[in-house]
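Since we're looking at a predicted model, the values are computed, not measured.
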Amino acid sequence: MLRLAPAARLLKAPLGGWVVPKAHISDKPARTPTSPTEQAIGLSVMFLGFLIPAGWVMYHLESYKKSSIA
């Protein structure tokens, strides 16, 4: 355990001098509310952004397996 203390100090040293800016968080409602249509489009784009690449990989998985053996 005594050998871990100097290693821990080395890892903590760079973090000591950093100043993190305060986040600007507001509890007020939005100036322009997001409509249900905009929310649906945004959620659809987010889901498709994750699902299309994953589907591509799953669809071509067998060809990836065959090419990695060669």
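- Note on residues 30-58: no pairs pass salt bridge (charged side-chain N to carboxylate O under 4.0 Å, His left out), not counting sequence neighbours.
- From Leu48, atom CG reaches atom CG of Leu43 across 10.5 Å, with rounding to the nearest 0.5 Å.
- Atoms CG and OG, from Leu51 and Ser44 in turn, are 10.5 Å apart once rounded to the nearest 0.5 Å.
- For the side chain to side chain contact (heavy atoms under 4.5 Å, CB included) with Tyr64, the lone residue among Lys66, His60, Glu62 that qualifies is His60.
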